[in-house]
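A quick write-up on the structure given underneath.
Just so it is clear: chains get the letters A, B, ... in the order the sequence lines come, proteins before strands, and each one is counted from 1. All values derive from a computational prediction rather than experimental measurement.
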Protein chains: 2
Amino acid sequence: MADIIATLQKQHDELSRSEQRIAEIVFEDKAFAVNASIIELAARADVSPPTVTRFCRRLGCNSFSEFKVRLAQSAFIGTRYLEPEIKVSSAQEVIDTVMGRAQSTLNVLHENVDPAVVEKIAERILKAKMIYAFGSGGNSSLFAHEVQNRLFRLGLRVAASEDHSMQLMTASTLSEEDMVIGLSISGRNRELARALEVAAGYGAATASVTKGESLVAQASQLSLAVDLPEGTDVLRPSSARYAFLAAIDMIAFLVAIRRKDSAIEPLRRIKRQLVTYRDEDDTQVLGD
Amino acid sequence: MADIIATLQKQHDELSRSEQRIAEIVFEDKAFAVNASIIELAARADVSPPTVTRFCRRLGCNSFSEFKVRLAQSAFIGTRYLEPEIKVSSAQEVIDTVMGRAQSTLNVLHENVDPAVVEKIAERILKAKMIYAFGSGGNSSLFAHEVQNRLFRLGLRVAASEDHSMQLMTASTLSEEDMVIGLSISGRNRELARALEVAAGYGAATASVTKGESLVAQASQLSLAVDLPEGTDVLRPSSARYAFLAAIDMIAFLVAIRRKDSAIEPLRRIKRQLVTYRDEDDTQVLGD
DNA sequence: AATCGATAAGAAAATAATTTACATTCTGAA
DNA sequence: TTCAGAATGTAAATTATTTTCTTATCGATT
């Protein structure tokens, strides 16, 4: 069941004028919307109650109260994120803001992610003899290491690189047995796009997790689109991080499931090593 | 406004017998309670509707619908995702599972994070002349780099290390002007705990983001507790990642706000370099 | 420009949900 | 046992919501 605010944003253009007015108010003042009766909300939007009911139906709810419940379930979390410039100063406000943005970002990804692409990338990973994860810049290099971190636990051969030159050189040594996964938030990493093309030129499979339609997306055979609105406030932490982590999570999780039997043994071994070495409590997280 | 489920548990003993029966049902099946009408809920608890109204009032709500809204807002609603073993096989199920766990993990963090500690760590970071972020193992080393990635953008001096030996050697060179931030999911990283103690021994400030009460937490002066239930299924991706990322996000965000004026300039510079070099569209994410 | 069809939106009626007011039934202490 | 007070239910009143039906609006077509 999708987040109602996300649905609201997505369907905004398909709403009638009155409905958009309701949407506006809901969006602007969720605290009001969540507590108001249908009559109050209708009055404030200057429409009739039946229009509000129709508005709820259009959003996939059976009734106004179902709408309110769904709104309450997401409003709490999402409130702050969508409003561009909020005054934030106390620690509690920072916490709420960070959480709100993270949640909202994940919701946006959830709404837009294409299962077919996740499936295809996972399948291709399973076929590869060796996998290279490429990403540069503070964030995307992190993602490359995350890919490595996740896949090696499944007993796959995988290397990560954040170095453009290494990426390019590596790409030119590949063959049909190899696969390159490119990571880029912006999708404008020219060097990465080049490396992907070179790799493909030598027969390697290429995939990316990046902005849809971007340079990097176009340079790869498979591309999982992660499209997120990024604010303009320079102080704003890039909440895209959560979405990329989740995207990688999805791919890795599916790979794990698809090769379940052969994946358990490497994990067991890693775990045993860590436990033996560190202490006896084997509930600890794999590899910290 | 307190969480309604928490209120429910706290006031449990002061409720009458019928009210306790209602509480029971709400607690057992929140999904039902949140969607049911007062009549349905009353019927299921085998009480009359007015008793339900009285129950709501006792919990500090003015009406049944206010109660429902508060219930829907309760973070506990999200915890259904934490239920251990769901059979997952299709890509869509994987996506839903990954998203659900990520959201739940974030909810748990949101519930438990201590704003005072976030504030203290941020304040201490602002005082330090140099910051070292230490973490090892696939996940925690990622977090160390995340700390570095976030703080250098604010114009702070920061280095990350995932190497135990380097951490220990570095720790022994520090002074009052330095600060070490230790990252560990499990909190059982003995080498990290040692490095933190050594650093403190030489007068450096020490903080950690790790499991509460753990070895690493005890070894540091300030510790932001991130306590999450970790499943036992070895195939399960560690959703703790999201919570740690968020925890770091909170600290970095607060640091950014506290030194707002001086933080904008470094960010502006980083951005200008990237834009000039890469392309003209300056909406791209800082550092990809 | 006139007309048709489709969609949107409101009015009023019908229905359903919730609350209030009041009556009854318990419970436990004197 | 009896009585005060709390707890609960019944039924009425109120309020909220939805349905049905009508009117208005807009755009396309002739």
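Interatomic distance, CG of Leu15(A) versus CG of Leu59(A), reported as 6.5 Å (0.5 Å rounding). Between the CD atom of Glu40(A) and the CD1 atom of Ile25(A) there is a distance of 12.0 Å, given to the nearest 0.5 Å. A distance of 6.0 Å separates OG of Ser48(B) from CZ of Arg54(B), quoted to the nearest 0.5 Å.
Within the 4.0 angstrom heavy-atom criterion, only backbone atoms of the sugar-phosphate kind lie near Arg57(B); the bases stay farther away. At a threshold of 4.0 angstrom between heavy atoms, the contacts of Val47(B) are confined to the sugar-phosphate backbone, with no base atom among them.
Taking atom CD on Gln20(A) and atom P on dA8(C), their separation rounds to 11 Å, with Å as the unit. Taking atom NZ of Lys68(A) as the reference point, atom P of dT18(C) lies 10 Å away to the nearest angstrom. When the P atom of dT8(D) is taken as reference, atom CG of Leu15(B) falls 10 Å away, rounded to whole Å. What separates CD1 of Ile39(B) from P of dT15(C) is a distance of 15 Å, to the nearest Å. Rounded to whole Å, atom C1' of dA6(D) lies 11 Å from atom CD of Glu19(B). Straight-line distance from the CZ atom of Arg17(A) to the C1' atom of dA24(D): 12 Å, rounded to whole Å. Spacing between atom CD1 of Ile38(B) and atom P of dT15(C) amounts to 22 Å, rounded to whole angstrom units. Between Leu41(A) atom CG and dT18(D) atom P there is a gap of 12 Å when expressed in whole angstrom units.
Aromatic pair Phe67(A)/Phe55(A): centroids less than 6.0 angstrom apart.
For Ser63(A) and dT17(D), the shortest distance from a side-chain N or O to OP1 or OP2 is not below 4.0 Å. Within the 4.0 Å cut-off from OP1 or OP2 of dG9(D), at least one side-chain nitrogen or oxygen of Thr51(B) is found. Between Thr53(A) and dT17(D), a side-chain N or O to OP1/OP2 separation shorter than 4.0 Å is absent. Phosphate proximity of dA8(C) to Ser18(A): absent, as no side-chain N or O sits under 4.0 Å from OP1 or OP2.
Looking at the side chain of Phe64(A), the nearest of the listed nucleotides dT17(D), dT19(C), dT8(D) is dT17(D). Out of dT19(C), dG10(C), dT18(D), the shortest distance to the side chain of Arg54(A) is found at dG10(C). Of all nucleotides listed (dA7(D), dA9(C), dT19(D)), dA7(D) comes nearest to the side chain of Ser16(B). Residue Ser37(A) places its side chain closer to dA16(D) than to any other of dG10(C), dA16(D), dG9(D). Comparing dG10(C), dT19(C), dT17(D) by their nearest atom to the side chain of Pro50(A) picks out dG10(C).
Salt-bridge formation is detected for the pair Glu119(B)/Arg258(B): a Lys NZ or Arg NE/NH1/NH2 atom is positioned less than 4.0 Å from an Asp or Glu carboxylate oxygen. A salt bridge is defined here as a Lys NZ or Arg NE, NH1 or NH2 lying under 4.0 Å from an Asp or Glu carboxylate O, and Glu146(B) with Arg241(A) meets this definition.
Cation-pi contact between Lys30(B) and Phe32(B): absent, since separation from the ring centre below 6.0 Å together with deviation from the ring axis within 45° is not met.
The side-chain heavy atoms of Val226(A) and Thr210(A), taken from C-beta on, include no pair separated by under 4.5 Å.
Note on the helix from dA1(C)-dT30(D) to dA30(C)-dT1(D): angle between the axes of the first and last five pairs equals 10°, rounded to 10 degrees.
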